Structure formats: structure tokens, C-alpha cells
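First the structure, in the form of C-alpha cells, and then the observations on it.
Any value given below was found using the heavy atoms of this structure, including those in side chains, with hydrogens, waters and symmetry copies removed. So you know, we letter chains A, B, ... as the sequences are listed, proteins then strands, and number each from 1. Worth saying up front: this structure is predicted, and the values here are computed from it rather than measured.
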Number of protein chains: 2
Amino acid sequence: MNDRISPEPPATLAELMRRGNVFAEQCPSREVLKHVTSRWGVLLLVALRDGTQRFSDLRRKVGGISEKMLAQTLQWLEADGFVARIAHPVVPPHVEYSLTLLGEELAQKVEALADWIEFKLPEIMAARASRENPAD
Amino acid sequence: MNDRISPEPPATLAELMRRGNVFAEQCPSREVLKHVTSRWGVLLLVALRDGTQRFSDLRRKVGGISEKMLAQTLQWLEADGFVARIAHPVVPPHVEYSLTLLGEELAQKVEALADWIEFKLPEIMAARASRENPAD
DNA sequence: CGGTATCCTGTTTGATACTG
DNA sequence: CAGTATCAAACAGGATACCG
């Protein structure tokens with residue numbers, strides 16, 4: 001990423017990283033945030049709260065996701081320590097995905113956000129309708 | 001958005017009732033989720049928790065954002081009813097942005113998520129380091 | 001000051017085909 | 001079944017210029 005120095009440098013880079021200041025674009029949490037808030041990251045984390053599931057289960061559950069993005073997003077989440085992957089060495093392959101303890105904590109917060117949006121959808125749609133929704 | 005209605009293998013009814021229909025491709029929640037979890041949506045919502053601010057204030061506070069994306073993201077959030085925009089008819093223009101009640105609720109949840117990630121960053125980075133840092 | 005219009009680029013995503 | 005490889009399309013985002 002071609003992150004540039006943020007115009008608000010009251011602290012050193014090291015200090016910003018240590019404090020985890022998300023406004024600093026050098027902060028690694030931006031990367032994690034990117035995985036989590038990616039188009040499929042949110043949906044996958046919520047989906048996995050239902051318990052251990054296979055690749056094809058997830059593909060079926062999360063509408064519209066391609067194999068490629070499912071694999072890639074799962075790999076991101078696995079690398080970040082949110083998802084555990086267990087491949088049983090059988091033919092045909094049998095791979096199971098589940099949330100780690102860390103992932104479960106995260107998924108709870110993500111789901112709280114998603115649920116809130118769904119719950120408030122009537123208000124949100126009303127807000128949109130009340131103004132001539134200009135551009136998407 | 002061009003979310004098309006596609007022949008989606010639907011989740012069970014019980015599934016949809018239990019957790020809402022965000023898994024359905026055509027669910028409007030996805031649209032809102034996209035605005036909220038967009039690269040600048042998260043940052044802007046958190047930034048606006050500091051209170052009413054002008055366009056240029058926000059541009060300065062959120063490092064690296066372009067005028068275009070600031071304007072566009074603010075318009076999304078305004079259309080969704082999260083942000084209030086007040087333009088004072090003076091020359092030169094004076095426009096103020098603030099969170100609505102709805103937006104304040106949302107911003108709290110978004111900030112909780114971002115804070116959690118920052119707080120858990122050491123664990124996350126440890127998970128990443130423990131494996132051959134794959135891609136991205 | 002607070003935008004919009006235009007053009008342009010890199011990234012993300014999807015369709016399809018293929019493999020262990 | 002659970003992916004990977006490849007290619008093409010769509011989109012987010014940035015730079016610049018201009019306007020009320």
C-alpha cells in the first residue's frame with residue numbers, strides 16, 4: 001500500500017503503531033480492518049457463528065460468493081487468527097472451517113453491527129426515501 | 001448498485017428468521033453495510049463522533065482522503081440517514097456535518113469494532129507471524 | 001469553501017476451466 | 001470436494017481542473 005504520512009503527526013510512527021491509532025494509515029489494524037470489513041469478510045464471520053462448516057456449506061450459505069473469493073477471504077481470516085481450518089486427509093477432500101476463540105469474539109461484534117443495520121433498516125430506508133435518493 | 005436478483009440457493013426459512021436476511025444477495029442491508037464498512041466510511045463515522053465539523057475539518061482529520069471520496073462517502077452516509085448536512089448560505093460556503101441520532105448509534109458500534117481490533121492487534125499479529133505470512 | 005466533472009489507474013471481483 | 005489458474009470486467013479511488 002502506498003500509505004502516506006498522515007497530516008496529524010503529534011506522535012512518532014512507533015508510538016502510533018504501539019497505540020494502534022487507526023487514523024494512522026501505517027497502522028497494521030488498517031490491514032485487519034480491511035479483511036474484516038471486506039465485502040465477504042463480514043458475511044463469512046457471521047455465517048461461521050453457526051458452528052463448524054465445510055467449504056461448500058459456506059458457499060451455499062453466503063449468497064453470491066464465488067469459490068475464489070470464498071477461498072481468499074477464508075485465507076485472510078485464517079492468517080489473522082480468526083478462523084481455524086482443518087483438512088481431513090480423505091478422498092474426496094473434507095475441509096472444515098470454524099471460528100477460533102479470537103474469531104468468535106470478533107464475529108460477535110461484527111454480527112452486532114450487521115444485526116443493528118438490519119433492525120434499523122426501516123429507518124434507514126425511510127431516510128433514503130425522504131430525499132430523492134440521488135446517486136447510489 | 002447493480003445487485004441483481006440471481007437464482008440464489010436460499011437458506012432455510014428458519015435460518016433467515018433467526019438472523020435476518022443479510023445472506024440474501026438482494027438484501028438492502030448489504031448496500032448499507034457497504035457504505036458503512038467502506039474504506040472511508042468507518043473512519044468518517046468515528047471522526048464525526050467528535051462533534052459537528054466542516055468539510056475541510058474532516059478532510060484534515062482523516063488523513064489521506066481525497067475531496068472526491070470525502071464528498072461521496074458523506075453523501076452515502078447522509079442518504080442512509082447517519083449524517084446531517086447543514087449548508088449555511090454565505091459566501092464563501094460554510095457547510096457543517098454531524099451525526100444524526102441514528103448515526104451516533106451506528107458510529108458507537110463501528111468504533112467498538114475498530115477499538116477491539118486495535119486492542120487485540122498483538123494477538124492478531126502473533127497469529128500471522130506463526131505461519132508463513134502468505135499473501136497480502 | 002465546498003463541492004462537481006472528467007479522466008485515468010490499480011485493485012477487487014467474477015466466470016470459467018482445470019487439478020489433486 | 002476443495003480448491004488453483006487465468007483472464008476479463010467492474011469498481012474504488014486519485015489527480016486535476018473547473019464552478020457557484
Quick one: [X] [atom1] to [N] [atom2], roughly how many Å, whole number?
X	N	atom1	atom2	value
A:Met69	D:dA2	CE	P	19 Å
A:His35	C:dT12	NE2	P	9 Å
A:Ile65	C:dT12	CD1	C1'	13 Å
A:Glu96	D:dG3	CD	P	12 Å
A:Arg39	D:dA9	CZ	C1'	13 Å
A:Arg59	D:dC1	CZ	P	11 Å
A:His88	D:dA2	NE2	P	11 Å
A:Leu70	D:dG3	CG	P	8 Å

Taking all non-hydrogen atoms of both residues into account, name the closest pair between B:Leu74 and B:Leu48 and its distance.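 Reported closest heavy-atom pair: CD2-CD1, 4.4 Å.
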Can B:Val62 and B:Val46 be said to form a side-chain contact (heavy atoms from CB on, under 4.5 Å), step by step? CA-CA 10 Å; B:Val62 179; B:Val46 173; over 6 Å; no
Gap separating the CG atom of A:Leu113 from the CH2 atom of A:Trp116, nearest 0.5 angstrom: 8.5 Å
Parallel, tilted or perpendicular: which one describes the rings of B:His94 and B:His88, with boundaries at 30° and 60°?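 Ring orientation, 0 to 90° scale: perpendicular.
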Phosphate contact ([N] OP1 or OP2) by [X] side-chain N/O below 4.0 Å:
X	N	value
B:Lys34	D:dA12	yes
A:Tyr97	D:dG3	yes
A:Arg85	D:dG3	yes
A:Ser56	D:dA2	yes

When we call it a touch if two heavy atoms are under 4.0 Å apart, what does B:Pro92 touch: a base, just sugar-phosphate, or nothing? sugar-phosphate
side-chain contact (heavy atoms from CB on, under 4.5 Å), that's the test. Do A:Thr37 and B:Leu33 meet it? Break it down for me. CA-CA 9 Å; A:Thr37 65; B:Leu33 210 45; over 6 Å; no
Output the single nucleotide from D:dG3, D:dC1, D:dG13 whose closest atom is nearest the side chain of A:Val95. D:dG3
Could you check which of C:dT13, D:dG3, D:dC1 has an atom nearest any side-chain atom of A:Trp40?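 Shortest atom-to-atom distance from the side chain points to C:dT13.
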Using side-chain contact (heavy atoms from CB on, under 4.5 Å) as the criterion, point out the one residue from B:Val32, B:Leu101, B:Val110 that pairs with B:Phe82. B:Val32
Along DNA chain C (nearest heavy atom to each residue), the more 5'-positioned of A:Ser38 and B:Leu74: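 Counting from the 5' end, the first nearest nucleotide belongs to B:Leu74.
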For the side chain of B:Arg30 and the backbone of B:Val22, is there at least one donor-acceptor N/O pair under 3.5 Å apart?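 Yes: the side chain of B:Arg30 pairs with the backbone of B:Val22.
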Considering only nitrogen or oxygen atoms on both sides, find all protein atoms under 3.5 Å from nucleotides 4-8 of chain C and state each distance.
{"unit_1": "C:dT4", "atom_1": "OP1", "unit_2": "B:Gln75", "atom_2": "NE2", "d": "3.1"}
{"unit_1": "C:dT4", "atom_1": "OP2", "unit_2": "B:Gln75", "atom_2": "NE2", "d": "3.0"}

